[in-house]
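Take this structure first; my questions come after.
Labels below follow one simple rule: chain letters A, B, ... track the order of the sequence lines, proteins then strands, and each chain is numbered from 1.
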Amino acid sequence: MSDLFASPPTPPTPSDGEPDHQSIRAQLQKMRPVPYMDGLNPEQRDAVESIDGPLLVLAGAGTGKTRVLTTRIGHILATRSAMPWQILAVTFTNKAAREMKDRIGNLIGGNVEGMQWLGTFHSIGVKILRRHAELVDLKSNFTILDTDDQLRLMKQLIQAQGLDEKRWPARQLNTLIDGWKNRGLTPQQVPQDEGYYFAQGHGVKLYTEYQARLKVLNACDFGDLLLECLRLFRENPDILADYHKRFRYILVDEYQDTNIAQYLWLRLLAQGGNNICCVGDDDQSIYGWRGAEVDNILRFEEDFPGAKVIRLERNYRSTVHILAAASHLITYNEGRLGKTLHPQIEDDDAEKVTVTSAWDSEEEARTIGEQIEDLQRAKHDLNEIAILVRASFQMREFEDRFITMGLNYRVIGGPRFYERAEIRDALAYFRCVVQPADDLAFERIVNTPRRGLGDATLKQVHDHARSHGLPLTEAATDLVQTEELKPRPRNSLKGVLGQFTHWRTMLASMKHTELAEMILDESGYTEMWQKDKSADAPGRLDNLKELIRSMEEFDSLPSFLEHIALVMDRDSAQSNEAVSIMTLHSAKGLEFDTVFLPGWEEGLFPHQRALDESGTRGLEEERRLAYVGITRAKKRAKIYVASNRRIHGLWQSSVPSRFLDELPPAHVDVVESQSTYGGYGNSGVGGSIYGKSRFDSSDPFENNYDTPGWKRAQNNKAKKTGKPKQRYGGGPASSGKVIDGELIAKGTSDTPSLYSVGERVFHQKFGYGNVKSIEGNKLTVEFSTGTKRVIDSFVERH
DNA sequence: ACAGTGCAATTTTTT
DNA sequence: ATTGCACTGT
């Protein structure tokens with residue numbers, strides 16, 4: 001394929017405006033198909049070839065969206081319509097950008113380095129801002145603040161206003177300002193009434209102050225990376241015109257996830273050639289809560305007059321049943337552009353989507369564990385299995401279970417490397433060296449490790465800084481020359497400042513990795529963790545080593561810091577075979593043979609908070625989330641409902657999700673979990689309908705969701721809260737109920753414990769352990785993972 | 001300055 | 001239940 005590029009393409013000159021050339025080339029292209037077009041269906045091909053004018057590609061799940069995007073870029077390059085550096089291609093995540101780069105590389109045979117404008121919205125924003133920083137009151141070495149920095153800054157501002165931080169938490173202010181920034185609003189543009197929501201009208205004032213502080217700190221937050229670009233373009237038409245000339249083609253991935261600021265950003269840039277191609281799927285818009293505007297994609301044809309719209313509806317990923325389930329479910333949403341997925345995979349033996357009821361979340365985890373073992377025995381690849389949960393607290397149950405089972409798993413999207421305290425501390429040291437005005441970094445580490453610089457001293461530095469309008473570092477430098485500080489803190493502060501000055505002088509001459517190590521050693525930071533005898537200290541030291549190691553790939557400390565700020569993913573080694581556990585949100589864009597979807601209960605999924613806060617809009621977004629979940633599956637989608645779940649430490653009985661009603665019965669099998677007898681566990685509520693099909697085998701595929709029992713269950717929902725788990729500890733009250741025969745026999749609170757001190761027992765979650773003491777039916781057991789108090793019926797004698 | 005205690009909050013997440 | 005926080009007392 002690379003022979004297409006054998007002769008070096010000549011860059012089209014700006015005056016090369018004769019469209020005839022292009023269309024002739026395009027025609028030739030159509031007449032003689034080129035290899036990279038092989039295997040594209042007509043719609044995909046159309047999307048690849050329609051490179052002139054605005055184009056919206058509505059790409060349903062699994063319809064070859066990325067392929068179209070990358071082939072389109074390949075096509076632009078192959079037809080010499082633009083040079084690599086004249087293409088702007090934006091994605092949301094670094095992962096998507098990387099994948100796109102890789103695939104273009106494969107397509108055109110290698111070098112994609114020329115595509116310097118392929119990246120995330122934010123990384124491209126930074127790139128533009130650094131070039132023109134002075135025009136937006138920044139220096140080109142400005143710092144990018146993360147959420148943590150933002151919060152600390154806002155907290156300071158709230159305090160400075162004399163407001164009660166309890167009543168007006170920084171978090172809330174951050175969300176508010178973030179929301180404004182997502183909508184492209186500067187402090188002046190915030191609608192008046194909105195400003196009053198926060199702290200009796202202090203909202204806008206705080207926003208203004210926050211922005212002012214950022215300038216002083218020579219810093220940007222993520223929102224600014226776009227917002228300041230907007231300002232730059234608007235205030236400097238010549239610069240915008242420059243970019244118009246530069247970007248002959250614009251491509252946007254996941255357009256349904258763009259917020260207003262991003263939309264404005266794109267529109268300003270697209271005004272040049274109008275060759276903008278947006279790819280997205282309104283049915284997969286799941287980030288409304290962080291500012292994404294589905295409207296952007298719904299409005300595309302109005303925003304870009306003359307736009308062509310191409311629908312990709314041939315799904316190459318999933319079986320008929322999976323697609324039918326997802327499609328039927330999503331039709332319950334209003335306000336969509338409307339697409340139908342047509343299955344391209346023929347499989348007469350395809351499994352229907354299953355819905356399984358479990359007594360509680362523990363049984364749910366156990367059942368899924370067993371099913372995974374079955375799949376494993378049938379030689380299924382564990383990497384092709386995923387568990388997609390609504391909220392991350394659901395993950396723990398699976399982890400616990402898989403640990404005891406000895407099943408390999410990996411959690412995708414947990415706490416990130418860069419978020420760890422030790423990494424943030426180390427970075428703060430580096431930031432402070434590179435950018436002395438970075439007060440937030442300075443504050444973070446000035447007394448870490450302990451240097452005897454407490455609140456009192458810091459307050460003096462702060463006051464001096466404020467009254468003289470100086471960054472903290474400078475204020476501190478001033479102060480130590482005077483007699484204002486007490487001798488001890490004064491010397492201590494003088495010492496650190498001296499060190500920083502020293503490190504800064506080394507910045508140019510020393511290799512950055514060595515300097516970094518030197519900073520951590522000389523500051524006493526490494527030593528602090530070496531002396532720390534807590535269990536995680538060695539791990540933290542490892543992380544620091546890892547941090548230094550990862551700096552190797554960069555050529556300087558500043559470029560490394562930018563990478564950290566923007567590229568927040570850690571490349572985890574995923575060599576082993578393992579089941580993936582992740583949230584539905586982080587599953588977008590992925591696919592697996594088998595997908596387990598636990599926790600389909602009202603309140604959890606759809607999530608109560610989504611309903612409370614956003615009403616129908618929230619519900620529809622939850623439904624799209626369900627759609628995303630189901631369409632991740634290639635061969636098997638397995639849905640689970642638990643009748644009882646522990647939320648915030650309380651057992652709550654729950655009602656199956658309304659989404660289950662919205663699945664097409666013809667493509668769904670209702671089964672009960674392998675280890676449940678009956679499924680009528682929720683006594684008194686009429687029973688779960690999901691166990692019923694077992695006794696109702698005359699017509700197992702009828703729509704079970706409309707039966708009286710189901711209706712009753714819905715009416716009764718949320719009546720019982722905080723109820724103990726009847727099956728295990730209920731005593732006489734629970735007798736006569738349908739319960740798990742195996743476990744109920746093991747004693748209740750009324751009978752003396754069956755165990756004795758010193759006995760070896762087995763627990764489903766914690767594994768083997770020794771009984772330390774007994775109070776009634778509660779045992780204190782020492783497990784390998786620690787000592788826990790458990791109800792005796794949770795363990796087995798061994 | 002720091003350690004210990006009490007209290008509230010607790011969806012989803014990228015950049 | 002767990003965790004992170006702000007405040008209090010030494």
Excluding sequence neighbours, so at least two apart, what forms salt bridge (Lys or Arg N to Asp or Glu O under 4.0 Å) with R623(A)?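 Applying salt bridge (Lys or Arg N to Asp or Glu O under 4.0 Å) to R623(A) gives E662(A).
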Show me the protein contacts with nucleotides 1-4 of chain B, counting only N or O atoms at under 3.5 Å.
from, atom 1, to, atom 2, distance (Å)
dA1(B), OP1, G454(A), N, 2.2
dC2(B), OP2, R450(A), NE, 3.0

Quote, to the nearest angstrom, the P distance that separates dT2(C) from dT13(B).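 Roughly 22 Å separates the two P atoms.
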Starting from P on dA1(C), measure out to CZ on R646(A) and report it in whole angstrom.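 In whole Å, dA1(C) P and R646(A) CZ are 7 Å from each other.
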For atom CZ of R152(A) and atom P of dG4(C), their distance in whole Å: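 Rounded to whole Å, this separation is 16 Å.
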Taking CD from Q394(A) and C1' from dT10(B), how many angstroms apart are they, rounded to a whole number?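 Taking CD of Q394(A) and C1' of dT10(B), I get 14 Å after rounding.
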Who pairs with R451(A) by salt bridge (Lys or Arg N to Asp or Glu O under 4.0 Å), at least two apart in sequence or on another chain?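 Per chain and number, R451(A) pairs via salt bridge (Lys or Arg N to Asp or Glu O under 4.0 Å) with no residue.
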Please state how far atom CG in D148(A) lies from atom P in dT15(B), giving the value in whole angstrom units.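 Roughly 17 Å, once rounded to whole Å.
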In whole angstroms, how far is the P atom of dA8(B) from the CZ atom of R167(A)?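 Value for this atom pair: 16 Å.
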Residues 613-622 of chain A side chain polar contacts: donor-acceptor under 3.5 Å, at least two apart:
from, atom 1, to, atom 2, distance (Å)
E613(A), OE2, R609(A), NE, 2.9
E620(A), OE2, E334(A), N, 2.8
E621(A), OE1, G288(A), N, 3.1
E621(A), OE2, G288(A), N, 3.1
E622(A), OE1, R390(A), NE, 3.0
E622(A), OE1, H607(A), N, 2.8
E622(A), OE2, R390(A), NE, 3.4
E622(A), OE2, R390(A), NH2, 2.6

Partners meeting side-chain hydrogen bond (donor to acceptor under 3.5 Å, both in side chains) with Q156(A) (sequence neighbours left out):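 Listed in chain order: E443(A).
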Expressed in angstrom and rounded to an integer, what is the separation of L227(A) atom CG from dT15(B) atom C1'?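 Spelled out: CG on L227(A) to C1' on dT15(B) is 15 Å.
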Tell me whether the guanidinium CZ or amine NZ of R213(A) lies under 6.0 angstrom from the six-membered ring centre of Y210(A) and within 45° of its axis.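 No - R213(A) does not lie over the ring of Y210(A) by the 6.0 Å and 45° rule.
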Measuring centre to centre across the rings, with the benzene-like ring taken for any Trp, is W289(A) within less than 6.0 Å of Y287(A)?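 When the ring centroids of W289(A) and Y287(A) are compared, they turn out to be within the sub-6.0 Å range.
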Contacts under 3.5 Å, N or O only, protein and nucleotides 11-13 of chain B:
from, atom 1, to, atom 2, distance (Å)
dT11(B), OP1, R609(A), NH1, 2.1
dT11(B), O4', H607(A), NE2, 3.1
dT11(B), O2, R390(A), NH1, 3.2
dT11(B), O2, R390(A), NH2, 2.5
dT11(B), O4, E613(A), OE1, 3.4
dT12(B), OP1, S392(A), N, 2.6
dT12(B), OP1, S392(A), OG, 2.2
dT12(B), O4', R390(A), NH1, 3.1
dT12(B), O2, W289(A), NE1, 3.4
dT12(B), O2, R390(A), NH2, 3.2
dT13(B), OP1, T583(A), OG1, 2.3

Salt bridge (charged side-chain N to carboxylate O under 4.0 Å, His left out), paired with R444(A), selected from D148(A), D146(A), D438(A):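 That would be D148(A).
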Would you kindly give the CD1-to-P distance between I177(A) and dT15(B), to the nearest whole Å?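 So the two atoms are 22 Å apart, to the nearest Å.
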Is the closest basic N to carboxylate O distance between R646(A) and D360(A) below 4.0 Å?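 Answer for the salt bridge query: no.
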Atom pair distance, as rounded to whole Å: CD in Q172(A) and P in dT10(B):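 My rounded result for the distance is 11 Å.
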Between K459(A) and D463(A), is there a side-chain N and carboxylate O pair less than 4.0 Å apart?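 Judged by the 4.0 Å cut-off on N to carboxylate O distance, K459(A) and D463(A) do form a salt bridge.
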